[in-house]
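Right, one structure below, let's go through it.
In this text, all values refer to a predicted model and were calculated from it rather than measured experimentally. Here is how names work: the chains are called A, B, and so on, in the same order as the sequence lines, proteins then strands, and each is numbered from 1.
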Amino acid sequence: MAAGASRKLLVRPWYRSFDGTSATITVSLCQSAPVGDSVGNDDDTAPSHTFPGRSSSASWTTSSTTWGAGAQAELDFAAIDPDDGFGYVVIELSTKAETRGLCMCQAGPYEQ
Amino acid sequence: MTAVASKAYYRLIQPNIYARNGLVPESGFHARYVGNQNTVQAFRRKCFLSWSQWRRLYTDSVAGSVARLRVQMHTGYGAKRLRFKLGCGRDNSGAGLATDPRVSILIYDGVTSTTKEAHLGTTPATATGGAPDAPNDITWRSLSFDVDPATTYEIYIATVDYGRVLCVGGWEEASDIVDGSVDYMNDEVVTAGGIIVDSMRARTLQGLSQLWRRNGSHLLTYPGRGDGTGITTNSTTWKNALDTSITTVGSSTPGFYIGDNGAPSMEPWTRLSDGKVLDVVLAVYASTTAGSTGEVRLQDGSGTRCSITGIGSAADWYVTNTTISNTDTLAKLDLQARTSDATKTLTFHAASLYCYLA
């Protein structure tokens, strides 16, 4: 992109808490795939994975057990490799969160 | 020297400088809009598949070939390749049986089919009953296919010999070579003070028209459950195709946002002359028991946005060229399905929705 231009990825997760306690979902746009040898732990300790390189994230929290869409958030395309335009979208869940994926994932317009 | 489209976003076209009444188009204006059009052709391409398995299916690894995902899409002018990025898991059958786990992708343009396989080269997971699917257990593979522009493709993704696909993205790619004789690229030949001849204007305008018709967005893909089975219903009333216990559209029913009451709005996808009506193709992979017909529609809180009828007994793609009205008020869209006979079964596998005007 030209200097001063930006572009955002518009995302909304489809998620809920499965037992009525606080649940968090995080969606990240990453330059590289995550690395690590664990997907997390049942006691809700931090997952042992990392994102090499740049990333842009947004989080949503709910205690509702009803399925629903999180508010629209914007992830910055500056996080991904500008040369090949390729990146990864990674969804992380806290122990109490449940998801069926993203109900919105759209590249927004260029903005200057 | 071969000219290459600029990957950087080109320059803004200021209406006060170039497009006020009485202003005569000149070479600077022509250079800007031609450059912009070339950049769009080279780099702003369709993404037609973004899928991930949202739950860990420990019985996922199976012998033989299992069709997992299906997509239909239309390549825009200038498309050269379809590229797929696959995130694949290890054999999690618990039996350690895989010898050559792989993922197979077949594309079909209505005449010729092409198949390629990504060999995962992974060893079976040692954990009984399931692989951990931690980031380090995921094998990333890419596959690409040469394709023709302005062509409709059916895409089938299967796993073979205990292969597992956890997520997949698919998009089209184009050449960045500026060749003014193909793909509605435009030679950037006008210099300051140069003449804009009729053929230049004609080609640019013809290109804009054709790009409008065939290079519009791929709007929605539901490629299937991922386990090879379809969703079934015997209901003659509409059921949510992703969860057939649901009959209505609500904020908690599973669906898709391609617009959200103007934030974002789909209205810019339409021409001013079309009055907020968008030309689209709705394609559904489904079948019904012989003697009945099936229907699938996209429904939001204000009503039916588009639908397809006449789904028959052959498991196949059923396609309709249709329209979506009032694109500025689109809300969450639910896929709904029904059959014409409660003693018969509709089996729904996949759906695609994309902009298209013949």
Side-chain angles (χ1 to χ4, degrees), chain A residues 1-16 25 30 32-40 47-52 64-72 74 82-93 98-112, chain B residues 6-12 36 39-40 43-47 50-56 83 85 87 131-140 142 167 169 171 173 217-222 225-226 242-243 246 250-260 263-264 266 268 331-334:
Chain A
M1 290 183 285
S6 67
R7 198 177 185 197
K8 302 295 196 304
L9 182 69
L10 312 179
V11 294
R12 301 184 73 175
W14 188 254
Y15 80 122
R16 69 176 179 179
I25 182 169
C30 308
S32 304
V35 296
D37 57 9
S38 170
V39 291
S48 56
H49 63 268
T50 57
F51 299 125
S64 172
T65 56
T66 302
W67 286 106
Q72 180 181 306
E74 297 180 343
D83 291 328
D84 66 8
F86 183 84
Y88 296 80
V89 175
V90 180
I91 302 173
E92 298 171 277
L93 303 174
E98 190 175 6
T99 186
R100 289 176 173 170
L102 302 178
C103 56
M104 171 182 276
C105 187
Q106 280 185 13
Y110 283 96
E111 297 172 349
Q112 281 189 312
Chain B
S6 169
K7 181 170 280 189
Y9 184 54
Y10 220 67
R11 289 175 289 179
L12 290 174
N36 286 343
T39 296
V40 168
F43 302 113
R44 297 202 70 170
R45 310 302 306 190
K46 303 181 190 187
C47 174
S50 177
W51 175 88
S52 63
Q53 183 175 281
W54 65 71
R55 53 184 176 172
R56 298 166 69 188
R83 187 174 296 279
K85 188 77 169 184
D133 291 340
N136 290 356
D137 291 307
I138 298 174
T139 302
W140 294 97
S142 293
C167 58
W171 63 94
E173 295 178 341
S217 300
H218 188 97
L219 299 172
L220 185 158
T221 294
Y222 174 72
R225 291 159 51 95
L242 307 188
D243 183 344
I246 298 171
S251 60
S252 63
T253 56
F256 304 84
Y257 285 94
I258 61 175
D260 186 12
M266 288 299 294
K332 180 173 69 64
L333 294 168
D334 286 8

Toward chain A, the part of B:Ser217 with a non-hydrogen atom under 4.5 Å: neither

With a 4.5 angstrom heavy-atom cut-off, which part of B:Pro254 approaches chain A: side chain, backbone, both or neither? both

Please check if the distance between the ring centroids of A:Phe86 and B:Trp171 is under 6.0 Å. yes

Checking heavy atoms, do the side chain of B:Trp51, its backbone, both or neither come under 4.5 Å from chain A? neither

Counting only heavy atoms closer than 4.5 Å, note whether B:Ile138 contacts chain A via side chain, backbone, both or neither. neither

Between CD1 of A:Ile91 and CD1 of A:Ile25, what distance do you get to the nearest 0.5 Å? 5.5 Å

Under 3.5 Å, is there a donor-acceptor pair between the side chain of A:Arg12 and the main chain of A:Gly70? yes

Winner by heavy-atom pair count (cut-off under 4.5 Å) against chain B, out of A:Trp67, A:Trp14, A:Tyr88: A:Trp14

Can you tell me which portion of B:Ser251 sits under 4.5 Å from chain A's heavy atoms? Options are side chain, backbone, both or neither. backbone

Identify the heavy atoms of A:Val90 and A:Cys30 that sit nearest to each other, and give their distance. CG2-SG, 4.0 Å

Say you draw a straight line from CZ of A:Arg16 to CZ of A:Arg100; how long is it, rounded to the nearest 0.5 Å? 6.5 Å

